[in-house]
Amino acid sequence: MAKVTYVEATGVPHDISADYHESVMEGAVINSLPGMEGMCGGMLSCGTCHCYIDAAWVDRLPPPSHEERAMLENIEGRRPNSRLGCQIRITDDLTGLVIHLPPEA
Ligand code: FES
């Protein structure tokens with residue numbers, strides 16, 4: 001289990017215990033957090049798992065793949081710290097990760 005924090009667009013934080021290798025998207029969907037849907041189930045084809053990685057963690061995550069970067073280019077509200085939650089596996093060394101959720105669509 002790794003403890004990660006999701007912060008709603010409104011600023012409300014949620015501390016979640018995530019299973020090892022669960023994705024950031026799965027952690028949000030399982031816990032019914034607003035702002036992340038994961039409509040394609042992690043197949044990298046919907047972009048509804050878009051989120052913002054806290055500045056302190058951006059360089060500590062594996063970099064996005066070419067496919068993830070291509071998908072992110074089409075995401076409304078994209079920022080330099082944007083990622084797709086389905087592409088980030090939660091591992092024990094990500095304990096403390098902070099993810100900022102976009103506003104609900
Ligand atoms: S869940 Fe569809 S791209 Fe991540």
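Start at 1 and go down the list; that is how both ligands and their atoms are numbered.
Side-chain contact between His21 and Glu26 is absent, with no heavy atoms from C-beta onward closer than 4.5 Å.
For Arg69, there are no salt bridge (charged side-chain N to carboxylate O under 4.0 Å, His left out) partners two or more places apart in sequence or in a different chain.
Pairs engaging residues 56-100 under the ring-ring contact (aromatic ring centres under 6.0 Å, His included) rule: none recorded [sequence neighbours left out].
In terms of hydrophobic clustering, with Ile, Leu, Val, Met, Phe, Trp and Tyr side chains grouped at heavy-atom distances under 4.5 Å, Met71 and Ile88 are assigned to different clusters.
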Contacts under 3.5 angstrom, residues 37-50 side chains, donor-acceptor by atom type, not counting sequence neighbours:
| from | atom 1 | to | atom 2 | distance (Å) |
| --- | --- | --- | --- | --- |
| Thr48 | OG1 | Gly38 | N | 3.0 |
| Thr48 | OG1 | Met39 | N | 2.9 |
| His50 | NE2 | Ser82 | OG | 2.8 |

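Using a cut-off of 4.0 Å between Lys/Arg side-chain N and Asp/Glu carboxylate O, Glu68 and Arg83 are scored as salt-bridged.
Less than 2.8 Å away from atom 4 (Fe) of ligand 1, the protein contributes these N/O/S atoms: Cys49 SG, Cys86 SG.
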